[in-house]
Amino acid sequence: MSEPIIVGVDGSRSALAAVLWAADDAARHTRDLRIVHVAAPLVHGGRPYERALDDAVREEGERMLAEAAALAAASRKTVQVSTELLYGDTTEVLRAQAADAAAVVVGSRGVDGFAGLLLGSVGLGLAGHVAGPVVVVHGAPTIVQGEVVAGFNPDDAVHPALDYAFEEAGSRGARVRVVHAWDAPATRLGQETIAEVVRERVRDLLEPWTTRHPGVKVIVSVARGNPIAALCEASARADLVVVGSRGRGVIRSAVLGSVSHGVLHYASCPVAVVRPPLRAG
Ligand SMILES: Nc1ncnc2c1ncn2[C@@H]1O[C@H](COP(=O)(O)OP(=O)(O)OP(=O)(O)O)[C@@H](O)[C@H]1O
Ligand SMILES: [Mg+2]
């Protein structure tokens, strides 16, 4: 059987937005949807709490899962939905779940944190830490834009974001906008001339993906400037922004490059961070 899409829920509105996104994705790719809630085991001073309290935690978890499953089933009737109540540390449990998933989907925020927090610990603890796509859903779904944005750096050795962006665009009948921005001081050469050279290089490098996905229209956007700003600006008119977990520029131990980190926080549409199965570089 093909790998399921996994979505984590914690009773927050943000998590329900993630459920709708995940149900839609599962429907488009004919995959099953597994909805997971992770409950913290109730211990105090190393000893488990009373049974009655544990039962209350389980009941609350089951209520959240039932609410999420009903929402998923109502929004996408063809999708097979299952639920799972697990115990432990949320990020650790979801990381383990990711091993047999096509994608892991979470909300940008949950029930904890403070009012102005842009990204909770779960999204941050998953993105770049697990192989494959981690999708962080910001807010409720808005009108369909028909565009998937892919962040692209020609200097990177591998481009896992492009595979996912083209697959997602293909399944949505959407176009792909490949965005490359470079943060360098202005030179005496005309910016237009440089942009034209960079655009040609990007187009050449995209050939394997355009050949594999002939039905997907591609737009190349190149400009001098900050890549986070360029991607976040493009996110305002996109259904999804896809970035790799890290490029070449970051220190080897970093799990998330600065661009991916920034886009995860500030994009105004769902963000997929894709880590290749085997670390390059
Ligand atoms: N216990 C949980 N079980 C399953 N998924 C969860 C759980 N907690 C959070 N999530 C998922 O992670 C998303 C983000 O929640 P997260 O906990 O990271 O943010 P927060 O609660 O705002 O802040 P904090 O990091 O302080 O907890 C949720 O929308 C949900 O998809
Ligand atoms: Mg939380």
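Being a predicted model, the structure only gives us computed values, none of them experimental.
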Engineer: Under 4.5 Å between side-chain heavy atoms, counting indirect links through other Ile/Leu/Val/Met/Phe/Trp/Tyr residues: same cluster for V220 and L162 or not?
Structural biologist: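 V220 and L162: one cluster.
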Engineer: Please list, chain by chain and in numerical order, all residues satisfying side chain to side chain donor-acceptor pair (under 3.5 Å) with S221, sequence neighbours excluded.
Structural biologist: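 Expected list: R177.
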Engineer: Indicate yes or no: at least one non-hydrogen side-chain atom of D25 is less than 4.5 angstrom from one of E168.
Structural biologist: yes
Engineer: Would you call the rings of H261 and H265 parallel, tilted or perpendicular if under 30° counts as parallel and over 60° as perpendicular?
Structural biologist: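 Answer is tilted, since the angle falls between 30° and 60°.
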Engineer: Who passes salt bridge (charged side-chain N to carboxylate O under 4.0 Å, His left out) against E67, sequence neighbours left out?
Structural biologist: none
Engineer: Who pairs with R203 by salt bridge (charged side-chain N to carboxylate O under 4.0 Å, His left out), at least two apart in sequence or on another chain?
Structural biologist: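 Residues passing salt bridge (charged side-chain N to carboxylate O under 4.0 Å, His left out) with R203: none at all.
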Engineer: Go through the structure and list residues passing side chain to side chain donor-acceptor pair (under 3.5 Å) with Q97, not counting sequence neighbours.
Structural biologist: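 Partners of Q97 by the side chain to side chain donor-acceptor pair (under 3.5 Å) criterion, ordered by chain and then number, come out as R34.
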Engineer: E60: which residues meet the side chain to side chain donor-acceptor pair (under 3.5 Å) condition with it, sequence neighbours left out?
Structural biologist: R63
Engineer: If only side-chain N and O atoms count, and only distance matters, is there a donor-acceptor pair under 3.5 Å linking S268 with S235?
Structural biologist: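 A donor-acceptor contact under 3.5 Å links the two side chains.
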Engineer: Through direct or indirect side-chain contacts below 4.5 angstrom among Ile, Leu, Val, Met, Phe, Trp and Tyr, which residues connect to V197?
Structural biologist: none
Engineer: Applying side chain to side chain donor-acceptor pair (under 3.5 Å), can you list everything that pairs with W209, at least two apart in sequence or on another chain?
Structural biologist: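 Applying side chain to side chain donor-acceptor pair (under 3.5 Å) to W209 gives D163.
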Engineer: Is it the case that over 12 heavy atoms from other parts of the model lie below 6.0 angstrom from the CZ atom of R13?
Structural biologist: no
Engineer: Centres of the H213 and F166 rings: under 6.0 Å?
Structural biologist: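 That pair passes the under 6.0 Å test.
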Engineer: Suppose we screen for salt bridge (charged side-chain N to carboxylate O under 4.0 Å, His left out). Which residues come up paired with D10, at least two apart in sequence or across chains?
Structural biologist: none
Engineer: I'd like a table of donor-acceptor pairs (distance under 3.5 Å, sequence neighbours excluded) in which one partner is a side-chain atom from residues 85-92, with atom names and distances.
Structural biologist:
from: D89; atom 1: OD2; to: T91; atom 2: N; distance (Å): 3.4
from: D89; atom 1: OD2; to: E92; atom 2: N; distance (Å): 3.0

Engineer: Starting from M64, walk the hydrophobic network (Ile, Leu, Val, Met, Phe, Trp, Tyr; side-chain heavy atoms closer than 4.5 Å) and list everyone else you reach, by chain and number.
Structural biologist: none
Engineer: Do the non-hydrogen side-chain atoms of I6 and V105 ever get within less than 4.5 Å of each other?
Structural biologist: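 When only atoms from C-beta onward are counted, V105 and I6 do not touch, as no gap falls below 4.5 Å.
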Engineer: To which residues is I219 joined in a hydrophobic cluster, defined by side-chain heavy-atom contacts under 4.5 Å among Ile, Leu, Val, Met, Phe, Trp and Tyr, whether direct or through other members?
Structural biologist: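 In the cluster with I219 there is nothing else; it is isolated.
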Engineer: If hydrophobic residues (ILVMFWY) are linked whenever their side-chain heavy atoms come closer than 4.5 Å, directly or via other members, who joins F114 in its cluster?
Structural biologist: L117
